[in-house]
Amino acid sequence: MNITQVKLTSSEIGALWGQYVNGTMVNCVNKYMLTIIEDKSIREIFDEAIKITENQMQQVSTFILNDGFPLPVGFTDRDINPNIKRLFSDLFCLDYLYLMTIHGLNGHLFSFTTSVRKDLREFFDSCLTDGKQMYHRSVDLLLEKGHFQRDPYFFPRSTPEFVDSKKYLDGYWGDKRPLSALEISNISLNLKKSIMAKTLGIAFSQIAGAEDIRKFLTDAAQTADDHIQILSKKLKDDNLPVPMSWETEITDSTDSPFSDKLIMHHTGFLYLTSQTYHGLGLAGSMRTDLVLDYERIIFKDISVTKKWFDLMVKYKWLEQPPIAPNRNEIAKDQ
């Protein structure tokens, strides 16, 4: 049987749909950033990222259309306003590319592991290869510029150890043990992501058109800052450094390079995915105070996404993924 005659599974359809919508969104941001970046080495990596994404979107389009599903609207050049004054610094753009590459790698890996058709597995495998190469390039360039934020160092014990007391879980009563390497790793990544969410929230609130959207973005940025304060305290309590903020890398421009629809979709994407990353942080934490802090953070993430959903529906910007047939409704129509 011709492989393309094998129908896509629901998981494969969902992976392709999400890849297209989110890929076209990030590509719009990258295309705007390319127009303002002055540093030659950063321009080159963005130029390559755009070419890779556009090639992937073309392949995704073919998969979707060949299976008889409508191509998502996603985002196009109509969601970018050309010739708009600079909103971000060159270094912030590079850090944005680095963090969004991490998102892309995780998304590609999930799509790869939920795909069965060989051509799709080969496609998502190639996406992973592209993503890994872009990750290497972005990290190397951040290191070269002296702006890569390494996770905290500490000196480990000289021999392996086993937990010998239930006090290992203590976080609110008694003497708290120091953070474990796994806990520090999750806190550091979540801090970097929250710092990015706060920075974009501030920038987007400066340029958004509608008043209720600006209010939402300001509140979302405050939520990200709350997350930063909670997680930073955990590192500081153990005399460990926290990642630097990026707010100073935003200009005072109030001219919007993006449509409000793109701004809102991007914000929703960050807070929806943050629930996953904060959930991983919770799962990797054994100190009771960390567990409760992550639960509070996830609850706030859900609150932000609920307000986001209401606004997206209000403005008719929330594109619906393919859904399964409603058999009860079909039966009623007969």
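Numbering starts at 1 and runs along the sequence shown. Just so it is clear, the values below take in all heavy atoms, side chains as well, and ignore hydrogens, waters and symmetry mates.
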Kindly check if the number of other-residue, nucleotide or ligand heavy atoms within 6.0 Å of CD (Gln58) is above 12? no
Crowded around Lys85 NZ? As in, over 12 foreign heavy atoms under 6.0 Å? yes
Could you check whether any side-chain heavy atom of Lys7 comes within less than 4.5 Å of a side-chain heavy atom of Glu12, counting everything from C-beta outward? no
Any side-chain heavy-atom pair of His265 and Asn22 under 4.5 Å: yes
Please check if the side chain of Glu249 supplies one atom and the backbone of Leu91 the other of a donor-acceptor pair under 3.5 Å.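 Checked: no pair found.
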Can a donor-acceptor pair be found, under 3.5 Å and without considering hydrogens, that links the side chain of Thr251 to the backbone of Arg86? yes
Partner residues of [X] under the ring-ring contact (aromatic ring centres under 6.0 Å, His included) criterion, sequence neighbours left out:
X      : value
Tyr20  : none
Phe124 : none
Trp17  : none

Run the salt bridge (charged side-chain N to carboxylate O under 4.0 Å, His left out) check on Asp125 and Arg121 step by step: do they pass? CA-CA 6 Å; Asp125 187 43; Arg121 282 184 280 123; over 6 Å; no
Output side-chain donor-acceptor pairs under 3.5 Å for residues 44-52, partner residues at least two apart or in another chain, one line each.
unit_1: Asp47; atom_1: OD2; unit_2: Lys51; atom_2: NZ; d: 3.3

Any residue meeting salt bridge (charged side-chain N to carboxylate O under 4.0 Å, His left out) with [X], in chain and number order, not counting sequence neighbours:
X      : value
Asp310 : Lys306
Arg287 : Asp289
Arg157 : Glu161
Asp79  : none

Run the side chain to side chain donor-acceptor pair (under 3.5 Å) test on Gln56 and Thr53 for me, step by step, so that the C-alpha distance in whole Å, both residues' side-chain angles and the decisive distance to 0.1 Å come before the verdict. CA-CA 5 Å; Gln56 291 175 355; Thr53 303; 5.0 Å; no
Going through the checks in order, is the side chain to side chain contact (heavy atoms under 4.5 Å, CB included) test met by Ile80 and Lys31? CA-CA 8 Å; Ile80 313 173; Lys31 287 167 86 170; 4.1 Å; yes
Donor-acceptor list for residues 106-113 side chains, cut-off 3.5 Å, not counting sequence neighbours:
unit_1: Asn106; atom_1: ND2; unit_2: Ile102; atom_2: O; d: 3.4
unit_1: Asn106; atom_1: ND2; unit_2: Tyr277; atom_2: OH; d: 2.4
unit_1: His108; atom_1: ND1; unit_2: Gln19; atom_2: OE1; d: 3.2
unit_1: Ser111; atom_1: OG; unit_2: Gly107; atom_2: O; d: 3.0
unit_1: Thr113; atom_1: OG1; unit_2: Leu109; atom_2: O; d: 3.1
unit_1: Thr113; atom_1: OG1; unit_2: Phe110; atom_2: O; d: 3.0

Mind jotting down which residue pairs meet the ring pair (Phe, Tyr, Trp, His ring centres under 6.0 Å) criterion with at least one end in residues 48-72? Sequence neighbours excluded, please.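 Every pair satisfying ring pair (Phe, Tyr, Trp, His ring centres under 6.0 Å) with a residue in residues 48-72: Phe63-Phe123.
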Taking all heavy atoms of Ser256 and all of Ile84, pick out the closest pair and write down the distance.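 What the structure gives for the nearest pair is O-CG1, 3.7 Å.
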Contact summary for Ala208 and Ile213, nearest pair of heavy atoms: CB-CG2, 3.9 Å
Flag this pair as yes if the NZ/CZ of Lys192 is under 6.0 angstrom from the six-membered ring centre of Phe148 and inside a 45 degree cone about the axis; otherwise no. yes
Cation-pi check, Lys261 to Tyr315: give yes when NZ or CZ is under 6.0 Å from the six-membered ring centre and within 45° of the ring axis, no otherwise.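 Judged by the rule (NZ or CZ under 6.0 Å from the ring centre, within 45° of its axis), Lys261 is not positioned above Tyr315.
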CG-CD1 distance between Leu292 and Ile230, expressed to the nearest 0.5 angstrom: 11.0 Å
Report the distance from atom CE of Met264 to atom CE of Met312, rounding to the nearest 0.5 Å. 6.0 Å
With a 4.5 Å cut-off on side-chain heavy-atom distances among I, L, V, M, F, W and Y, is there a chain of contacts connecting [X] to [Y]?
X      : Y      : answer
Met57  : Leu65  : yes
Ile64  : Ile323 : no
Leu189 : Leu280 : no

Restricting to side chain to side chain contact (heavy atoms under 4.5 Å, CB included), what partner residues turn up for Val242, sequence neighbours left out?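 Ser232, Leu235, Lys236.
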Please confirm whether the ring centroid of Phe269 lies under 6.0 Å from the ring centroid of His103. yes
Assert yes or no for the condition that the ring centre distance of Tyr96 to Phe88 is strictly below 6.0 Å.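 Aromatic pair excluded; centres sit 6.0 Å or further apart.
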Can you check side chain to side chain contact (heavy atoms under 4.5 Å, CB included) on Met244 and Gln149, steps first, answer last? CA-CA 8 Å; Met244 71 177 187; Gln149 300 188 69; 3.3 Å; yes
Side chain to side chain donor-acceptor pair (under 3.5 Å) between His278 and Asp301, worked out: CA-CA 9 Å; His278 288 139; Asp301 288 338; 2.7 Å; yes
Identify all side-chain donor-acceptor contacts of residues 137-146 below 3.5 Å with residues at least two apart in sequence or on another chain.
unit_1: Ser138; atom_1: OG; unit_2: Met134; atom_2: O; d: 3.1
unit_1: Ser138; atom_1: OG; unit_2: Tyr135; atom_2: O; d: 3.0
unit_1: Lys145; atom_1: NZ; unit_2: Asp39; atom_2: OD1; d: 3.3
unit_1: Lys145; atom_1: NZ; unit_2: Asp39; atom_2: OD2; d: 2.7
unit_1: Lys145; atom_1: NZ; unit_2: Ser41; atom_2: OG; d: 3.2

